[in-house]
**Student:** 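Sharing a structure with you now.
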There are 2 protein chains.
Amino acid sequence: MTTRTRRRADAERSIARIVAAARELLGRDPAATIDEIAAAAGVGRMTLYGHFPNRAELVEAALVDALADGERTLSAIDLAGDPAAALDRLLASSWSLVAESSSLLAAAQEVLPPGRVRQLHGAPAARLEELIRRGQGSGAFRADLPIGWLVSASHYLLKGAAEEARAGRLDAASVPGLVTASVRALLRPPADAR
Amino acid sequence: MTTRTRRRADAERSIARIVAAARELLGRDPAATIDEIAAAAGVGRMTLYGHFPNRAELVEAALVDALADGERTLSAIDLAGDPAAALDRLLASSWSLVAESSSLLAAAQEVLPPGRVRQLHGAPAARLEELIRRGQGSGAFRADLPIGWLVSASHYLLKGAAEEARAGRLDAASVPGLVTASVRALLRPPADAR
DNA sequence: CTTAGCTCGTACGGGAATATACGAGTTAAC
DNA sequence: GTTAACTCGTATATTCCCGTACGAGCTAAG
């Protein structure tokens, strides 16, 4: 399932550059053109079409690549021990990943069949969900709200922080602190726990 | 500054129908076409162009109208008394407003000059900010995070909840409860207050 | 060195959406 | 009832982007 007819080395290189360019441009502007991406990759538009039959497949490839990168980073994080501390570690690495490809996600939403994005995006969401669940068991996190919402809400906070940073309304250096403080607050058990 | 040459009654009516249709369609799909909006308003496309020279002005008119409606609703809310309770009242009314025009905001972001949206959107943000500030003064809300971020984060939670509801991942009836619980959590002073 | 694969320019066709031009018919306002 | 304003269809120009076709030239792989 790797390669049916072998690919030449230069083709491999072109594909890598195209995907990288797509990630970068689509990460900033979900409406980035195929022309722009090809140009940014230092490659003719026709070369791009030689590897990706249409826009959707290119976007999907970029998203898959970005997610794979993310998985590599996140899977290296130790989530054992105190859930709150583990959460901080997870968020510290997550936020920049979200920042880099938040509009890539938006681009994918527009082009890919419904549900496909969510499917591809399953692993990181599951990781956070698992951590939250564990924290709920130990009483570190609140359990009175649906866990699906807690996961989503955390995401929205991450995405929001990324957007504020990109708009220049937030200093990039201050973002990690704000994100962790906010998500911790969101997950902390309410005062009137009974 | 109201009307330089008087407008006929039927024109007034057409404009109202167009703006209403624009709010409804753009509120659901930020890419709604001028054709679609005209059709939904029960009006020829040429009539629409007679009143709005281009897409941007139509979008802006729709946004202004939606915000004016929102202002009318929000300004009726009593924000005196216990800040936490006032926050609940404010959020209960805010969330549906956000839900109805969240993608209208997105449409505006794409078409209007940068900063214009934020400028138009100033009043509701200021209202929430003022409430938060008051709550900080009385110790009801946390003061260790920048107030601008607290306001934005609340917004992102509202928008996120609206999105989840539209995607069918959240029951509309449960949204107000989740939103208020989440924003309260976000604003509650941290445990290790010193 | 030969071949198959890859690069990439130019050109073309198509679709979708915006916006303009013209003009005939209709309707509110006075 | 006259006028000015409004409605609205058809047609057309423009722009933008996607995707295809053709073909000449390069380059990695054996």
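Just so we're on the same page: letters track the sequence lines, and every chain starts at 1. Fair warning: this is a prediction, and the values are worked out from it, not measured in the lab.
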**Student:** With a 4.5 Å cut-off on side-chain heavy-atom distances among I, L, V, M, F, W and Y, is there a chain of contacts connecting Leu91(B) to Leu170(B)?
**Tutor:**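 Result: yes, single cluster for both.
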**Student:** Using a strict cut-off of less than 4.0 Å between a Lys/Arg side-chain nitrogen and an Asp/Glu carboxylate oxygen, indicate whether Arg133(B) and Glu129(B) qualify as a salt bridge.
**Tutor:**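 Yes, this pair counts.
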**Student:** Which nucleotide, dT18(C), dT7(C), dT10(C), lies nearest any side-chain atom of Tyr49(B)?
**Tutor:**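 Within the option list, the nearest is dT18(C).
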**Student:** How would you list, by chain and number, every residue that makes a side chain to side chain donor-acceptor pair (under 3.5 Å) with Arg13(B), sequence neighbours excluded?
**Tutor:**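 In terms of side chain to side chain donor-acceptor pair (under 3.5 Å), with neighbours along the sequence ignored, Arg13(B) is linked to no residue.
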**Student:** When the distance from CZ of Arg45(B) to P of dT12(D) is rounded to whole Å, what number comes out?
**Tutor:**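 Taking CZ of Arg45(B) and P of dT12(D), I get 14 Å after rounding.
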**Student:** Check whether any side-chain heavy atom of Val179(A) lies under 4.5 Å from a side-chain heavy atom of Leu157(A), and answer yes or no.
**Tutor:**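 A side-chain contact under 4.5 Å is absent here.
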**Student:** Would you mind reading off the distance between Asn54(A) atom CG and dC17(D) atom P, rounded to a whole angstrom?
**Tutor:**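 So the CG-P distance, Asn54(A) to dC17(D), works out to 17 Å.
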**Student:** Can you list every salt bridge (charged side-chain N to carboxylate O under 4.0 Å, His left out) pair that touches residues 109-118 of chain B, not counting sequence neighbours?
**Tutor:**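 Every salt bridge (charged side-chain N to carboxylate O under 4.0 Å, His left out) pair that includes a residue of residues 109-118 of chain B, provided the two are not neighbours, is Glu60(B)-Arg116(B).
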**Student:** Going by side-chain hydrogen bond (donor to acceptor under 3.5 Å, both in side chains), name the pairs with one or both residues in residues 39-58 of chain B, residues two or more places apart or in two chains.
**Tutor:**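 Sorted pair list: Asp35(B)-Arg45(B).
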**Student:** Could you tell me how far apart Leu48(B) (CG) and dT18(C) (P) are, to the nearest whole angstrom?
**Tutor:**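 The answer, rounded to whole Å, is 10 Å.
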**Student:** Starting at atom CZ of Arg17(B), determine the distance to atom C1' of dC6(D), rounded to an integer number of angstrom.
**Tutor:**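 Arg17(B) atom CZ is separated from dC6(D) atom C1' by 14 Å.
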**Student:** Taking only side-chain N and O atoms of Ser14(B), does any of them lie within less than 4.0 angstrom of OP1 or OP2 on dT7(D)?
**Tutor:**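 Ser14(B) to dT7(D) OP1/OP2: side-chain N or O found under 4.0 Å.
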**Student:** Using side chain to side chain donor-acceptor pair (under 3.5 Å) as the criterion, list what pairs up with Arg142(B), not counting sequence neighbours.
**Tutor:**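 Asp144(B).
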**Student:** Expressed as a whole number of angstroms, how long is the span from Met46(A):CE to dC12(C):C1'?
**Tutor:**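 In whole Å, dC12(C) C1' and Met46(A) CE are 11 Å from each other.
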**Student:** Figure out the CD/P separation between Glu57(B) and dT18(C), and round it to whole Å.
**Tutor:**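 It works out to 15 Å between those atoms.
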**Student:** What residues, two or more places apart in sequence or in another chain, satisfy side chain to side chain donor-acceptor pair (under 3.5 Å) together with Arg28(A)?
**Tutor:**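 Residues passing side chain to side chain donor-acceptor pair (under 3.5 Å) with Arg28(A): Glu24(A).
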**Student:** Taking atom P of dC18(D) as reference, at what distance in whole Å does atom CD of Glu110(A) sit?
**Tutor:**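 The answer, rounded to whole Å, is 12 Å.
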**Student:** Side-chain N or O of Thr47(B) versus OP1/OP2 of dC8(D): is the shortest distance under 4.0 Å?
**Tutor:**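 Yes, such a contact exists.
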**Student:** For Arg17(A), check side chain to side chain donor-acceptor pair (under 3.5 Å) against everything at least two apart and list the hits.
**Tutor:**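 Applying side chain to side chain donor-acceptor pair (under 3.5 Å) to Arg17(A) gives none.
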**Student:** Distance check: side-chain N/O of His51(A) vs OP1/OP2 of dT7(C), anything under 4.0 Å?
**Tutor:**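 It does, given that an N or O in the side chain of His51(A) lies less than 4.0 Å from OP1 or OP2 of dT7(C).
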**Student:** Sorted by first residue and then second, give each ring-ring contact (aromatic ring centres under 6.0 Å, His included) pair with at least one member in residues 143-191 of chain A; sequence neighbours left out.
**Tutor:**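 Only His121(A)-His155(A) qualify under ring-ring contact (aromatic ring centres under 6.0 Å, His included).
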**Student:** Pull out every stem in DNA chain C, meaning runs of 3 or more consecutive Watson-Crick or G-U wobble pairs with both distances under 3.5 Å.
**Tutor:**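 Listed by first number, the stems are C:1-30 with D:1-30.
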**Student:** Once salt bridge (charged side-chain N to carboxylate O under 4.0 Å, His left out) is applied, what residue pairs with a partner in residues 75-100 of chain A remain, sequence neighbours excluded?
**Tutor:**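 Counting only pairs at least two positions apart or across chains, the salt bridge (charged side-chain N to carboxylate O under 4.0 Å, His left out) contacts touching residues 75-100 of chain A are Asp88(A)-Arg184(A).
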**Student:** Does anything in residues 30-43 of chain B reach DNA chain D, meaning a heavy atom under 4.0 Å, and if so which residues?
**Tutor:**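 By residue number: Val43(B).
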**Student:** At 4.0 Å (heavy atoms only), tell me whether Arg55(A) reaches a base, stays on the sugar-phosphate, or touches nothing.
**Tutor:**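 Sugar-phosphate: the residue Arg55(A), judged by heavy atoms under 4.0 Å, touches backbone atoms but no base.
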**Student:** Taking salt bridge (charged side-chain N to carboxylate O under 4.0 Å, His left out) as the test, write out the residues that go with Glu164(A), two or more places apart.
**Tutor:**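 Scan of Glu164(A) (salt bridge (charged side-chain N to carboxylate O under 4.0 Å, His left out), adjacent residues dropped) gives Arg169(A).
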**Student:** Each nucleotide N or O in nucleotides 28-30 of chain C that has a protein N or O under 3.5 Å away: list the pair and distance.
**Tutor:**
{"unit_1": "dA29(C)", "atom_1": "OP1", "unit_2": "Ala9(B)", "atom_2": "N", "d": "3.2"}
{"unit_1": "dC30(C)", "atom_1": "OP1", "unit_2": "Arg6(B)", "atom_2": "NH1", "d": "2.7"}

**Student:** Starting from P on dA19(C), measure out to CZ on Phe52(B) and report it in whole angstrom.
**Tutor:**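 One finds 13 Å between P of dA19(C) and CZ of Phe52(B), rounded.
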